[in-house]
Q: 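Take this structure first; my questions come after.
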Amino acid sequence: MKTLLPILAFAALGLTGCATSVNTVQRANPQATPSYVADQRVVTDTTLARKLSTVSVNEAKVSGNLLKIQVTLENRSTKPQAFTYKFDWIADDGMELSGPTGGWKQIQLEGREVRAISAIATNPRAVDFRLKVRENN
Amino acid sequence: MKFTRLTLLALTAASVAFLTGCATQNNAKYVDSQGPNTIVSLNSINIQDWNTAADKLVSSLLASGVLERAPELPSVMAISRIRNNTQQQVDTDSLTKKIRIALNQTGKVVTTTTMGPDGRVEDAMAADAGAMGAFMAGQKQVTKLPYYTLSGKLLEDRVSVGSTKQVTYTFQLSLTTVKDGLALWEGEELITKQGQRSSVGW
C-alpha cells in the first residue's frame, strides 16, 4: 500500500500535468457593442459538442457591402484540441455561393481557450452563412 | 468451447475486415480539394496552405477597407512580382489567382492581364489585339493603367529537433497605389507544420 500511494500520486500528477488551460484577463465592462446573430445549432457529433462550445455569433459589414461573420468558440476541455471548420455562404435566393478560398481551415485551441474565428463573404450577394465544425482525425 | 469458436469467428471476421480495409486504402480515390482529407507534407506548400493563406490575406485586405477608397470602382489592379524565396519550385499563381478571383467576386477590383512585371504580359493576344484594333481604327491605343499593383514574397523557415521537423511558410503581400508608390495595405500570413513525416488528413 505504501508503494502504491506514490505511484498513484505520480500518475495523477502526470495526467494533470498534460492539461494546460489558458487563464485570461479582460475588461470587466466591455465597451464593444457587437451585433449578435440569433443562431440555430445542429449537433451530430455529441463528443465534439462536449469538447467545443459556441459562445456567440456576431456579424458586421466590411468593405461596404460584404458580410463578415465572427463565431466565438470555447474549448471546454483542459487539453489542447484541434478542429477544422468551414464557412458556407448563401445568397438571398437561397443558393449556396462558391469561392476560391472557401475550404476547410484548421484551428487549434489551448485548454479552456476562447477564440473567435471569422470569415468574410467575397460575394456581395451573401446574406446568410453556415458554419461547419469537425474534430480533427 | 462454444465461446472459443465464437471468439475465433469474430477475430477472423475482424482480420478480414482489417485486411480488406487496408487494401482499399492503397487504391487511388478522389478527395475534396478543399476538404480536410488532403495530404499534409513537410516538404512542400500543399493546396490547403495556398488556400488558407489566400483566404486570410483576402479577408485582411477586405477588412482594412482600403479598396473602398479608390476613386473608381472596380479599380484596376496589376500583378507585380511575387518573389519565391523558398526552397520549392512553386507557381505563385497558386496564391495570386485565388486572390484575384476573390477580389473579382467582390466587384471592387478587376485585374489587368495585358500588363505585367518586366513587360511580361499574361495575355499577349489581348494586348496585341487591342493594339491592332486601335491601329486599324486610326486611333492611339488607350491602355487602362492600373490603380493598384500587388507584389509579395514567399519565405521558408526550417528547423528540427531530433526527428521532429518544423517548416514555416510565410506569405507576404503588398498593395501599392501606382500614383504615389505607397503600400496602402500589407498582409502577412504564416503557416507552420510540424511532424516526422507526411500524413493524410489534418
Side-chain angles (χ1 to χ4, degrees), chain A residues 34-35 45 48 52 58-71 80-92 95-110 115-127 129-137, chain B residues 31-40 46-70 73-75 93-109 111 171 175 185 187 189 191-195 199-202:
Chain A
S35 171
D45 184 347
L48 172 64
L52 186 74
N58 57 303
E59 66 176 339
K61 282 280 163 98
V62 297
S63 211
N65 56 354
L66 303 173
L67 180 63
K68 179 177 183 176
I69 295 292
Q70 177 177 278
V71 180
Q81 302 278 350
F83 307 96
T84 47
Y85 67 93
K86 182 180 190 288
F87 278 95
D88 291 336
W89 300 103
I90 298 147
D92 51 4
M95 295 292 180
E96 199 170 301
L97 299 163
S98 65
T101 57
W104 288 83
K105 310 282 182 314
Q106 182 164 291
I107 183 173
Q108 287 179 333
L109 295 176
E110 297 299 320
R115 203 197 300 179
I117 54 170
S118 64
I120 297 172
T122 53
N123 195 321
R125 289 181 57 218
V127 292
F129 74 98
R130 189 190 305 118
L131 171 68
K132 300 169 185 171
V133 186
R134 69 191 283 276
E135 211 174 341
N136 267 19
N137 292 330
Chain B
V31 293
D32 183 358
S33 307
Q34 294 192 331
N37 296 317
T38 48
I39 289 174
V40 182
N46 302 130
I47 49 171
Q48 61 270 34
D49 302 332
W50 294 115
N51 195 31
T52 303
D55 182 52
K56 296 273 178 71
L57 290 165
V58 165
S59 292
S60 164
L61 175 56
L62 293 174
S64 72
V66 296
L67 297 176
E68 288 296 293
R69 294 184 219 147
L73 290 178
S75 44
D93 271 1
S94 302
L95 179 72
T96 55
K97 195 68 173 181
K98 285 182 175 56
I99 291 170
R100 285 169 57 172
I101 296 168
L103 293 180
N104 186 276
Q105 279 187 348
T106 66
K108 297 175 196 310
V109 173
T111 309
F171 303 81
L175 187 77
W185 166 85
E189 184 58 31
I191 291 177
T192 301
K193 297 186 275 191
Q194 199 180 78
S199 64
V200 176
W202 300 5

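The sequence lines fix the lettering, A, B, ..., with proteins before strands; numbering per chain opens at 1.
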Q: Are B/Thr96 and B/Asp93 linked by a side-chain donor-acceptor pair shorter than 3.5 Å?
A: yes
Q: With a 4.5 Å cut-off on heavy-atom pairs, point out which of A/Gly102, A/Pro124, A/Pro100, A/Gly103 contacts chain B the most.
A: A/Pro100
Q: When you compare the side chain of B/Leu57 with that of B/Trp185, does any pair of heavy atoms fall below 4.5 Å?
A: yes
Q: Heavy-atom distance under 4.5 Å to chain A: side chain of B/Lys97, backbone, both or neither?
A: neither
Q: Within the structure provided, determine whether A/Leu52 and A/Leu109 are in side-chain contact (heavy-atom separation under 4.5 Å).
A: yes
Q: When you compare the side chains of B/Thr38 and B/Gln48, does any donor N or O come within less than 3.5 Å of an acceptor on the partner?
A: yes
Q: For the interface with chain B, which of A/Thr122, A/Asn65, A/Val62, A/Leu97 has the highest count of heavy-atom pairs at distances below 4.5 Å?
A: A/Thr122
Q: Which one wins on heavy-atom pair count under 4.5 Å against chain A: B/Ile101, B/Ile99, B/Leu62, B/Thr52?
A: B/Leu62
